[in-house]
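Here the structure comes first, spelled out in structure tokens, and everything after it is commentary.
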There are 2 protein chains.
Amino acid sequence: MSTLEITKNLQSIDTSSLVDKVERKLIELLISKDIKVGDSIPKELELADVLGVSRTVVREALTRLKTLGLIETKKKRGAVLTNPDLTGLLEKSLYPEIMDKNTLREIFEMRLALEIGMADFIMERVTPEDVAALKAIVEDEPTVADQHLFQIEQEIRFHGKLYEISGNQVLKRFQQMLLPVFDYVHKSGLLKKMPKTKKFVSHKGLVEIIENGSAEMLRNAMRNHLENHFARIFE
Amino acid sequence: MSTLEITKNLQSIDTSSLVDKVERKLIELLISKDIKVGDSIPKELELADVLGVSRTVVREALTRLKTLGLIETKKKRGAVLTNPDLTGLLEKSLYPEIMDKNTLREIFEMRLALEIGMADFIMERVTPEDVAALKAIVEDEPTVADQHLFQIEQEIRFHGKLYEISGNQVLKRFQQMLLPVFDYVHKSGLLKKMPKTKKFVSHKGLVEIIENGSAEMLRNAMRNHLENHFARIFE
DNA sequence: AGACTGTATTATGTTATACATAATAATTTC
DNA sequence: GAAATTATTATGTATAACATAATACAGTCT
């Protein structure tokens with residue numbers, strides 16, 4: 001065997017900690033067919049005993065699973081398998097203050113893509129009541145957006161409602177969760193300065209399309225509506 | 001005071017555990033301006049001492065932060081603040097086997113929205129090399145997709161490249177991460193049976209548009225290309 | 001019988017202590 | 001002065017003991 005091969009083999013040794021191993025074992029257990037959501041998993045001491053490690057290690061592994069939202073623990077009852085809440089999890093680790101600038105910008109971009117791409121779901125699922133609600137929101141909207149603070153709240157109200165109409169909880173929660181990011185991106189000089197705000201498709205225009213138009217029309221209108229944001233990203 | 005009011009007041013007592021409190025304290029510390037990415041945070045024993053709790057509690061709180069990707073720990077060095085990797089975190093908790101059916105469907109929908117909505121980023125950032133790469137991918141694509149397995153691999157290759165072209169790492173990793181979900185959704189009878197596969201815009205057609213068309217054209221073409229998926233969702 | 005109360009049990013939550021291990025700093029050796 | 005050795009330090013692991021809260025069970029009272 002050549003030296004190269006030897007070193008190659010050597011560096012593939014298992015450097016993971018005990019907790020890592022136990023965590024893997026537990027996850028295997030969780031996704032096995034034997035355990036369904038709501039079922040309990042063995043007690044800490046049993047696991048420690050079976051796996052041949054201390055309760056400390058088991059507890060730390062369980063803590064990780066808890067943090068990931070895979071299990072919930074209660075006294076006496078023990079730990080039970082739960083279906084993980086992705087958005088809730090993201091929310092927990094989403095602190096714009098300590099996030100990479102580039103990632104922040106990319107998340108901002110993702111939002112733009114989502115709002116354009118979800119047009120089909122909006123048009124498929126919108127109800128007359130939704131349209132009425134949208135109209136109520138944009139009713140007393142100032143033609144010229146001079147009050148910046150008001151404008152932001154209004155933006156959130158309007159676009160939030162759109163996410164709601166999409167009938168997709170994951171999307172809706174995604175938006176809720178990313179709001180702080182958007183706010184942060186706006187405030188920090190992360191993007192280019194706002195260009196001259198030309199007149200693009202307004203909220204009222206979007207509502208009009210949602211009521212009478214097609215998904216394709218909504219996509220294009222939304223793209224136009226978001227033009228200022230795109231312009232800031234694309235220089 | 002009425003009994004109702006009393007009980008209302010009583011149930012607002014702090015039921016959070018010690019670890020919860022310590023975790024909050026630590027997060028406050030992390031997002032404070034004093035600590036930047038790469039900086040170390042106090043040692044476990046110091047923290048235990050200052051906060052007046054045992055080292056075990058501090059360790060468990062730190063374990064949570066580690067799991068969330070907010071910090072990394074090394075022996076001797078201690079714990080250092082890191083910018084959290086959102087997608088990596090999601091990946092860790094993403095087990096289609098134990099996820100709620102509805103959530104799975106919603107994630108699938110989100111993918112569709114993203115692929116349509118990212119057209120602008122693709123058109124803005126695509127290079128001649130990218131186009132060449134795309135052409136190479138679709139070159140020997142069978143006109144009639146008879147080999148299902150091959151088709152899936154091909155789908156991943158092609159659309160993966162599109163995510164790459166979007167120049168958005170978060171998006172790209174999102175796709176990578178959600179692939180198992182798509183696979184799972186396809187295999188499980190979660191969606192309606194595939195309708196008669198009519199002839200829609202092909203990969204080759206998409207490439208053609210990317211090379212010579214506009215963002216708007218790409219959005220519409222992509223929507224068309226994904227029609228089968230939409231049909232399965234919308235019945 | 002049925003509702004309330006107290007007690008026992010059990011599994012997680014918390015503390016304390018000791019030692020192992022790996023990464024860094026300090027020291028010695030040549 | 002560079003390399004090897006040793007010391008130090010902070011995290012990783014193990015063990016034992018007790019606290020706490022949720023549940024089950026029995027007992028009491030009307």
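Bear in mind that the values here come from a model prediction, so they are computed numbers and not experimental data. Chain A is the first sequence line, chain B the second, and so forth, proteins listed ahead of strands; every chain is numbered from 1.
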Side-chain ion pair, A:Glu109 and B:Arg125, N-O less than 4.0 Å: yes

Just how far, in rounded Å, is C1' of D:dA14 from CZ of A:Arg59? 14 Å

Start and end of the DNA chain C segment that chain B contacts, any atom under 4.0 Å from a heavy atom: C:dT14 to C:dT24

Using a strict cut-off of less than 4.0 Å between a Lys/Arg side-chain nitrogen and an Asp/Glu carboxylate oxygen, indicate whether B:Glu28 and B:Lys25 qualify as a salt bridge. no

Minimum heavy-atom separation for B:Arg55 to B:Glu44, with atom names? NE-OE1, 2.7 Å

Sequence neighbours excluded, which residues qualify as salt bridge (Lys or Arg N to Asp or Glu O under 4.0 Å) partners of A:Glu106? none

Minimum heavy-atom distance A:Asp34-A:Asp39, with the two atoms named: O-OD2, 4.0 Å

Pairs meeting criterion ring-ring contact (aromatic ring centres under 6.0 Å, His included) with involvement of residues 116-137 of chain B, two or more places apart: A:Phe230-B:Phe121, A:Phe234-B:Phe121

Could you tell me whether A:Thr56 contacts a base, only the sugar-phosphate backbone, or nothing, with contacts defined as non-hydrogen atoms closer than 4.0 Å? base

Residues which pass side-chain contact (heavy atoms from CB on, under 4.5 Å) with A:Leu30, listed by chain and number, not counting sequence neighbours: A:Ile41, A:Leu65, A:Leu70, A:Ile71, A:Leu81

Mind listing the residues from residues 44-54 of chain A sitting with a heavy atom below 4.0 Å of DNA chain C? Number order is fine. A:Glu44

Any chance CD of B:Glu97 has more than 12 other-residue heavy atoms, nucleotides or ligands included, within less than 6.0 Å? yes

Sidechain N-carboxylate O distance under 4.0 Å for B:Arg64, B:Asp20: yes

Could you walk me through whether B:Gln176 and B:Arg173 pass side-chain hydrogen bond (donor to acceptor under 3.5 Å, both in side chains), step by step? CA-CA 5 Å; B:Gln176 295 269 349; B:Arg173 293 212 47 198; over 6 Å; no

Close approaches to DNA chain D from residues 64-85 of chain A, in residue order (heavy atom, under 4.0 Å): A:Lys75, A:Lys76

